[in-house]
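Protein chains get the first letters and strands the later ones, always in sequence-line order, with residue 1 at the start of each.
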Protein chains: 2
Amino acid sequence: MPRMAATDAFTAIAEPHRRVIIGVLADGAPHAVGDVVRRVRLRQPAVSKHLGVLRDAGLVSVQRQGRRRLYRLNAERLKAVHDWTSTFARLWTHQLERIKKRAEREGLEPFVRQPAKDEPDNGEEKR
Amino acid sequence: MPRMAATDAFTAIAEPHRRVIIGVLADGAPHAVGDVVRRVRLRQPAVSKHLGVLRDAGLVSVQRQGRRRLYRLNAERLKAVHDWTSTFARLWTHQLERIKKRAEREGLEPFVRQPAKDEPDNGEEKR
DNA sequence: CCATTATATCGCCATATTGGAATATGTCAA
DNA sequence: TTGACATATTCCAATATGGCGATATAATGG
């Protein structure tokens, strides 16, 4: 199935323009649609649509004020993404350590280098 | 423009199956494609495609070993996402505080409640 | 060399997404 | 009311996506 209706935060933030819009709302204050339009290279309808997606994903909440609608960032939903990525933090810190350690070994005591069994030379590869 | 080729981590992790696959690789060890296939409700070609997308996004690296290809998670790329969401942490902690504070006010000193001007009743709204 | 195993690719289909223009809807102000 | 303003919605075309079956490619064990 192609990506289904953007009901989750992950899908919602996949769109670059939407991340920009989130950036605009990042001050936590409510912003009118026109406000956002002025800061993005998109027409009003497109912005409205993106805001709609963000709203369906629970990433923003709306509030009417006269003839405009004020959108406000709902950061808790971003926390979900934050938390998911956090579960891998262990890995990236480890990898950094390993890189640093290897650099040290190669730089300071090149002969001690023993090819730890869990480090099979990694690296990109042509398709 | 429709979402362009999944060249960035955000797009890559938008797909639920891909997040599952990432989960499979979460132990940091190299996994053969067949390994992944066995753990996901998808045929091999689909898994290969997803792994391809993940690779194009730099989220995994491949390494040949005989007739199989070992994929390994490249967690630093997830760190990018982590960092982006972090820039909003300020907001969600604030909002939690505000909720807690409001609860306190309403629970302990219901009469003191003064509708702080930056709290215009928020909430969902019918389209 | 052959059959088998592991993986990638291709062709294809159904569906989704994005953005724009045009238009509808709602609200204010006089 | 009426007209201007703010935003949403609808319709449309272009493109991307995800999945499948079939097939190509590559390495392995005989």
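In this structure, the CG atom of A:Leu51 is 12 Å from the P atom of D:dT9, given to the nearest Å. Across the protein-nucleic acid pair, B:Arg43 atom CZ and D:dT23 atom P stand 16 Å apart, rounded to whole Å. Rounded to whole Å, atom P of D:dA8 lies 10 Å from atom CG of A:Leu70. Rounded to an integer number of Å, the gap from A:Phe10 CZ to D:dT17 P is 19 Å. Atom NZ in B:Lys49 sits about 17 Å away from atom P in D:dT23, given to the nearest Å. Counting to the nearest Å, the P atom of C:dT7 and the CD atom of B:Gln65 are 10 Å from each other. Across the protein-nucleic acid pair, B:Leu42 atom CG and C:dT7 atom P stand 15 Å apart, rounded to whole Å. The interatomic distance linking B:Arg41 (CZ) with D:dG19 (P) rounds to 13 Å, in whole Å.
With no hydrogens or angles considered, a side-chain donor-acceptor pair links A:Asp8 and A:Thr11 at under 3.5 Å.
Taking only side-chain nitrogens and oxygens, A:His17 comes nearer than 4.0 Å to OP1 or OP2 of C:dG19. Contact annotation: B:His50 reaches the phosphate of D:dG19 (side-chain N/O to OP1 or OP2, under 4.0 Å). OP1 or OP2 of D:dA6 has not a single side-chain nitrogen or oxygen of A:Tyr71 nearer than 4.0 Å. Within the 4.0 Å cut-off from OP1 or OP2 of D:dG18, at least one side-chain nitrogen or oxygen of B:Arg18 is found.
If you check D:dG19, C:dG20, D:dA22 against the side chain of A:Ala46, the one that comes closest is C:dG20. Of the candidates C:dT9, D:dA8, C:dT27, C:dT27 carries the atom nearest the A:Arg67 side chain, counting heavy atoms from C-beta on.
A donor-acceptor contact shorter than 3.5 Å links the side chain of B:Arg18 to the backbone of B:Ala12.
For A:Gln44 against D:dA8, a side-chain N or O and a base N or O form a donor-acceptor pair under 3.5 Å. Residue B:Arg68 places no side-chain atom within donor-acceptor reach of the base of C:dT7, judged by atom type and a 3.5 Å distance cut-off alone.
Ion pairing between B:Arg90 and A:Asp27 fails under the 4.0 Å rule for side-chain N and carboxylate O.
Residues A:Asp35 and A:Arg39 meet the side-chain proximity criterion, which asks for heavy atoms closer than 4.5 Å. The closest side-chain heavy-atom distance from B:Tyr71 to B:Val36 is not below 4.5 Å.
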